[in-house]
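When reading the values below, keep in mind they use all heavy atoms of this one structure, side chains included, and skip hydrogens, waters and symmetry mates. This one's a predicted model, so the numbers in the text were calculated from it and none came from an experiment. Naming: A, B, ... by sequence-line order, numbering from 1 per chain.
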Protein chains: 2
Amino acid sequence: MAPPRQRRATQLDIARRAGVSQATVSLVLSGGPASTQIAEPTRQAVLAAAGELGYSANIAAKSLKGGRTYLLGLYTFEPVFPTDQRDFYYPFLMGVEEEAARQGYDLLLFTSIGSGEREIYTGGVNRLKLADGCVLLGRNVRREELAELVREDFPIVFIGRRELDGAELSYVAADYVNATSDLVGELVRRGHRRILHLRATGDSEPTRDRESGYRRGLAAAGIAVDESLIRTLADPADLTPAFIRHWTDTAGVTAILVEPSEDNRLTTALDVTSADGGVRFPADCSIALLGDPPSWTPELRNWTRYSLPRAEMARTAVQLLISLLDGPDGAAPQLTVPCSFVPGDSIGPAPERTWSR
Amino acid sequence: MAPPRQRRATQLDIARRAGVSQATVSLVLSGGPASTQIAEPTRQAVLAAAGELGYSANIAAKSLKGGRTYLLGLYTFEPVFPTDQRDFYYPFLMGVEEEAARQGYDLLLFTSIGSGEREIYTGGVNRLKLADGCVLLGRNVRREELAELVREDFPIVFIGRRELDGAELSYVAADYVNATSDLVGELVRRGHRRILHLRATGDSEPTRDRESGYRRGLAAAGIAVDESLIRTLADPADLTPAFIRHWTDTAGVTAILVEPSEDNRLTTALDVTSADGGVRFPADCSIALLGDPPSWTPELRNWTRYSLPRAEMARTAVQLLISLLDGPDGAAPQLTVPCSFVPGDSIGPAPERTWSR
DNA sequence: AGCCACTTCTAATACGTATTAACCGCCTCG
DNA sequence: CGAGGCGGTTAATACGTATTAGAAGTGGCT
């Protein structure tokens, strides 16, 4: 009794067993259009031999040669393990997985636990390349890496709008501009004139787009922008009762737009503020979130907000990526999908506020 | 200014630029022990050229040569998309991902959306073999497939105890027997003598192990098993107030052990029963869960239960798998990890109950 | 001078697949 | 009877890397 073979069966093994050449085996197993030129009996013999040997193609060889692996990569720039963050990514993962499966691709999770710096090219190796293409997402993008991927002509689609210097990146992004603008319109319709806009830290595209939307919404309503009402909120915990009262009492603010953090600190802070601090939304002040709080922390309130169709964005990203694989057309496609308005219960009519500039 | 190069730089490009051979480049860049035999000036020249060209190794070629892909598969026998199931599956995914990353492997998600029957072997080809090895889990295992994988000598580790006819399967399993036995001991200590044991449908190992634990716990307490107190609960929704009252009033039951479903139907049913039906746990009846309800549905109660260390099991499974890859020793290792007791608030002292056999 | 030892580098090859040009046998048609 | 065509198969090659045997050069020692 021979010891069990460790080596996996190759096309050559199949070829020998079926009495044909390796090339024939490849033609049969690739199954493509070329396989019709193989006579049926030969085909069957090859398939039988493959079955008996428990053959499965070696992806490394396949992708080295340039063939399809039918693997899609998924890469996240954030560390995935902090629980807060994962709540944010989960819907994306779901959507990507679902659509990939539907299209007959398996998913390759590049789990970047690495040290920091350049992670995609760890040890000078681009790990992504095992897959046919890759969906990427995350907030703290390392743009040099992204640019390098684009330069290398590796098919990638980003979930979220990202701009690169000197390179066109494909993406599927939420339409923060219009969503925010509409939200402003909604507030104006209820009589609000002085709306505080609280930006997240940093200067990523989503943050900029929300500000653009804010400005556009005010412009559409014929209201001049008071630059002092655009602030950066370093930490959601700063959203204290005192902070809010300051704006309402001394600046005449009647409504606040706030860009949510990806963890649940924002909603926690708001809950604390209204519970312990006695600030009543919307009686004292209307408030609306510029996006979703993490989805499955138990929500004590139904915040007025807009909601990004994360799963749909993810599915769209996969479709886009696969279309890139199939037809490497020139321009990098960039899609924008609308957000849905969630009425919620945290905005109301503007109260009478005595305030003079 | 030349248009940006499409093809990525290879070792051959570097070799040409540095005026050496490809082999030399490989020796230098691999950095291994053999690189010491390269003269320092040559080394520097190669490194410089590599830097200028922005070289990054082609992982496909690398793993083709090395015989390793550094991919670990993750396959689940359940359909993955129903959100309920997902909640169950997620901690495992996290653990697997974390440990795989730590060990320098990426994760290949085999997303089985397929039709049913034999999914791993589609078209006589084993999809799992794309990876170096595979972690599997799920309730509705197709044992023929598992057995075939073992027979083919493909490295797999199951999360959960599974027995196969004529094949040794490696697994990492929770110690349901002792956990259940201990839980019974806890109830007996509080005066309970007639404990209803509600099995899940089916006859999988976890279900059998829990029953074994139930029997062992009673035996340890010197209580004879009343077979009529071991029942199968087809649907958690059957856990109505009437059902519970039936057992407490006509059979003298003072405590119930119930095997949770993987979705959130069980806790939902219990919530309904205690809210609408007026059954008070533990005043009317003690109740404990033989495992975790889905982790992040908002828990209205802190159920007494034991909890499996899912992430740890997953990490252990990955370690086990990698050890299988590195050293193909004979026996298939099988590990059991203890569960942790969660006191909760749904058990109490046994009430006086007038009941005669 | 001849030989060996040592350092530094290279030629050659293997890994497993996809692809293409070529080949072979056979039939048809002129 | 030869030219041409066609269906079916294969030889050859490329992909980018790691590895090994050995070549070329250098110097020391007898």
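Among the heavy atoms of the strands lying under 4.0 Å from A:Val20 are primed sugar atoms or P, OP1, OP2 only; no base atom is included. Across all strands shown, A:Lys62 has heavy atoms under 4.0 Å from sugar-phosphate atoms exclusively, and none from any base.
Bracketed by its first and final contacts, the part of DNA chain C lying under 4.0 Å from non-hydrogen atoms of chain B reaches from C:dT8 to C:dG16 in 5' to 3' order.
When each of B:Gln22 and A:Ser21 is assigned the nucleotide of DNA chain D with its nearest heavy atom, A:Ser21 is the one assigned upstream, toward the 5' end. In terms of position on DNA chain C, the residue among B:Lys65 and B:Ala23 whose nearest nucleotide sits closer to the 5' end is B:Ala23.
Ring pair A:Phe77/A:Tyr75: centre-to-centre distance below 6.0 Å.
For the salt bridge (charged side-chain N to carboxylate O under 4.0 Å, His left out) test, residues two or more places apart in sequence or in another chain that qualify with B:Arg315 are B:Glu98. Residues forming a side-chain hydrogen bond (donor to acceptor under 3.5 Å, both in side chains) with B:Gln103 (at least two apart in sequence, or on another chain): B:Glu99.
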Atom pairs, protein N/O to nucleotides 5-8 of chain D N/O, distance under 3.5 Å:
none

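Remark: side-chain polar atoms of A:Thr24 are not paired, donor with acceptor, to backbone N or O of A:Val20 under 3.5 angstrom. Put simply, the side chain of B:Thr316 gets close to the backbone of B:Glu312: a donor and an acceptor are under 3.5 Å apart. Using a distance-only test at 3.5 Å, with no hydrogens or angles considered, a donor-acceptor pair links the side chain of B:Ser323 to the main chain of B:Leu320. Between the side chain of B:Asp132 and the main chain of B:Tyr70, a donor-acceptor pair closer than 3.5 Å is present. One N or O on the side chain of B:Ser30 and one on the backbone of B:Ser26 form a donor-acceptor pair closer than 3.5 Å.
Sequence neighbours left out, the pairs with a member in residues 49-62 of chain A that pass salt bridge (charged side-chain N to carboxylate O under 4.0 Å, His left out) are A:Arg17-A:Glu52.
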Run A:Arg143 and A:Glu205 through salt bridge (charged side-chain N to carboxylate O under 4.0 Å, His left out) and show every step you take. CA-CA 13 Å; A:Arg143 296 184 193 252; A:Glu205 288 82 352; 2.9 Å; yes
Nucleotide-level pairing of DNA chain C, given in dot-bracket where Watson-Crick and G-U pairs need both distances under 3.5 Å and | marks other strands: ||||||||||||||||||||||||||||||
